[in-house]
Number of protein chains: 2
Amino acid sequence: MSVTDELLAANARYAETFPGPLPLPPARHVAVVACMDARLDVYRALGLSEGEAHVIRNAGGVVTDDEIRSLAISQRLLGTREIVLVHHTDCGMLTFHDEDFRASVEQDVGVRPTWHSEAFGDLEEDVRAQRRRILDSPFIPVKDSVRGFVLDVATGKLSEVL
Amino acid sequence: MSVTDELLAANARYAETFPGPLPLPPARHVAVVACMDARLDVYRALGLSEGEAHVIRNAGGVVTDDEIRSLAISQRLLGTREIVLVHHTDCGMLTFHDEDFRASVEQDVGVRPTWHSEAFGDLEEDVRAQRRRILDSPFIPVKDSVRGFVLDVATGKLSEVL
C-alpha cells in the first residue's frame, strides 16, 4: 500500500465525522503564507478551524508572482484583509545556495531552470524581504496588517519579525 | 484585537503542549499540492501529523513554476517520492474568468498583471491538467505516484480523478 493509499484511508475516517458544508469566503478574513515544511501544521499552530483562513504554502514561505496571484484572489474576490507570513527555524532553504541547486538540476536533467530556488541565508531578513514584496505589489489592495513571524520548530512558538 | 493577534494567542496555547523537534525531511515522503481554500484542513483531511508531508497550497491548487520549484526542492533535497493533488468542490476558481479578473485588476490599479489567475471551468479536467504539468516537467525526478483528487466540501470525502 502506498502512502497515498494510506492517506485515502485516513480521509474515509475523517469524512465519517465531517460537520458538513461551510461558506467559501474565509470567516476570519485572513490569509496565511507559510513554508511547506512538514512540521508546520498551520491550522493547529494558529488555532484555525475549517473555513476560517486561506492557507498558501511553498518552499520557504516566499512571495513570488504565484503567491501574489493567490493573495490578490484572496483579497479581491474572497474578502480577506490580514496577511500572516510564517517562516520557521531549521528551514531547508537555509541549507543550500541557489546557484548550486540550479547547477545541480542542470547537470542532472540537461535543462537549467528558468526559476530560482528562493533559498535564503538569514531567516529574519527573509521574512522582511517577503513582507516587502507584498507591500511593494500593486495587486494586493489591503496592506494594513501584513505581519511576519518565525515559528520555532523546537517549541512550536511564533515570534514576530519587526 | 486583530485576527492576527488572536492567532498569536492561539499559538501560545499550542506551544504549551508542543511535542518538540522533529527531523526536517518528511517522514512519509509525500508532497501534497492543494487549494488554499479555508475549508481544506489538509492535515486533518489526510490524517497527517506534524513532520510527515510537505504541504504546498495556492489559489486553485494549481501547478505553476512556483509549485514546480517547491516540488523539485521537496524531491531532490528532502526525499519525497509521492505527489498528491487536491482540488475541491465549490472552488472559487470556478466562479470567474481569467480575462475578467485581469481586466478588473488593471482597471483598479492601472497595471495589468503579467501573471494569469489560473481560473478554471471544469474541476476534474483541471486536476488532470495540473497532473500533466507535473508529468511534463523535467525538474521533478520521481513521477511513479502522482495522483489527483477532488475533496467534496459537503462531505469531506476525497474522490480520485482518473
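Side chains are part of it too, since the values below use all heavy atoms of this structure and drop only hydrogens, waters and symmetry mates. Naming: A, B, ... by sequence-line order, numbering from 1 per chain.
Using a 4.5 Å cut-off between heavy atoms, A:Ser74 contacts chain B through both its backbone and its side chain. Contact annotation for A:Val109: only side-chain heavy atoms (C-beta onward) come within less than 4.5 Å of a heavy atom of chain B. Contact of B:Arg76 with chain A is made through the side chain alone, with heavy-atom distances under 4.5 Å. Contact annotation for A:Ser145: only side-chain heavy atoms (C-beta onward) come within less than 4.5 Å of a heavy atom of chain B. Contacts between B:Ala72 and chain A at a heavy-atom distance below 4.5 Å involve backbone atoms as well as side-chain atoms. Using a 4.5 Å cut-off between heavy atoms, A:Pro19 does not touch chain B at all. Looking at A:Ala45, the atoms closer than 4.5 Å to chain B (heavy atoms on both sides) sit in the backbone and in the side chain alike. For A:Leu77, the part sitting under 4.5 Å from any heavy atom of chain B is the side chain, from C-beta outward, and nothing else. Contacts between B:Thr64 and chain A at a heavy-atom distance below 4.5 Å involve the side chain alone, from C-beta outward. Of the two parts of A:Leu151, only the side chain, counted from C-beta on, holds a non-hydrogen atom closer than 4.5 Å to a non-hydrogen atom of chain B. Only the side chain of B:Val30 has a heavy atom closer than 4.5 Å to any heavy atom of chain A. Within the 4.5 angstrom heavy-atom criterion, no atom of A:Glu16 approaches chain B. For a residue to count as touching a neighbouring chain, one of its non-hydrogen atoms must lie under 4.5 Å from one of that chain's; by this rule B:Pro23 touches chain A with the backbone only. Residue B:Arg112 touches chain A through its backbone alone, counting heavy-atom pairs closer than 4.5 Å. Both the backbone and the side chain of A:Ser104 come within contact range of chain B, each with at least one heavy atom under 4.5 Å from a heavy atom of that chain. Proximity to chain B (any heavy atom under 4.5 Å) is shown, for A:Asp5, by both the backbone and the side chain. Proximity to chain B involves both the backbone and the side chain of A:Val105, based on heavy atoms less than 4.5 angstrom apart. At a 4.5 Å heavy-atom cutoff, the contact between A:Val84 and chain B is made by side-chain atoms alone.
Note that OG1 of B:Thr80 is 7.0 Å distant from CG of B:Leu71, once rounded to the nearest 0.5 Å. How far CE of A:Met93 is from OG of B:Ser70: 7.5 Å, rounded to the nearest 0.5 Å. Atom OG1 of residue A:Thr114 and atom CG of residue B:Asp65 lie 4.5 Å apart, to the nearest 0.5 angstrom.
The nearest pair of heavy atoms linking B:His88 to B:Cys35 is NE2-SG, 3.4 Å. Closest of all the heavy-atom pairs between A:Glu124 and A:Val161 is O-CG1, 3.7 Å. The two atoms that bring A:Asp122 and A:Leu94 nearest to each other are N-CD2, 4.0 Å, heavy atoms only.
Checked by atom type and distance alone, the side chain of A:Asp152 never pairs as donor or acceptor with a backbone atom of A:Lys157 at under 3.5 Å. Distance alone, capped at 3.5 Å, is enough to place a donor-acceptor pair between the B:Arg57 side chain and the B:Leu40 backbone.
When each of A:Asp37, A:Val3, A:Thr95, A:Leu48 is scored by its heavy-atom pairs under 4.5 Å with chain B, the top score falls to A:Val3. Residue with the most contacts toward chain B among A:Ile56, A:Leu78, A:Leu46, A:Val55: A:Val55 (heavy-atom pairs, distance under 4.5 Å). Looking only at heavy-atom pairs under 4.5 Å with chain B, the residue among A:Leu7, A:Ile73, A:Asp41 that has the most is A:Asp41. Per-residue heavy-atom pair counts under 4.5 Å with chain B were compared for A:His29, A:Glu52, A:Arg147, and the maximum is reached by A:Arg147. Here B:His54 is the residue among B:Glu50, B:Glu160, B:His54 with the most heavy-atom pairs under 4.5 Å with chain A. Counting heavy-atom pairs closer than 4.5 Å to chain A, the top residue among B:Pro26, B:Pro138, B:Ala53 is B:Ala53. The choice from B:Gly47, B:Ala9, B:Ala154 that makes the most heavy-atom pairs within less than 4.5 Å of chain A is B:Ala154. Interface summary for chain B: among A:Arg28, A:Arg44, A:Glu6, the most heavy-atom pairs under 4.5 angstrom belong to A:Arg44. Note on A:Gly92, A:Ser117, A:Ala10: by heavy-atom pairs under 4.5 Å with chain B, the leading option is A:Ser117.
Judged as a ring pair (Phe, Tyr, Trp, His ring centres under 6.0 Å), the pairs with a partner in residues 135-160 of chain B (not counting sequence neighbours) are, in order, A:Trp115-B:Phe139.
Checked by atom type, the side-chain pair A:Thr4/B:Glu82 shows a donor-acceptor distance below 3.5 Å. A side-chain donor-acceptor contact under 3.5 Å links A:His87 and A:Asp126. In summary, the side chains of A:Glu67 and A:Asn58 do present a donor paired with an acceptor at a separation below 3.5 Å, with no hydrogens or angles considered.
The side-chain heavy atoms of B:Arg81 and B:Asp144, taken from C-beta on, include no pair separated by under 4.5 Å.
Note on A:Leu158 and A:Leu123: separate hydrophobic clusters, where clusters join Ile, Leu, Val, Met, Phe, Trp and Tyr whose side-chain heavy atoms are under 4.5 Å apart, directly or indirectly.
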Exercise for review: Would you check, one step at a time, whether the test salt bridge (Lys or Arg N to Asp or Glu O under 4.0 Å) holds for B:Glu118 with B:Arg133?
Suggested key: CA-CA 13 Å; B:Glu118 304 286 333; B:Arg133 288 185 185 179; 3.2 Å; yes

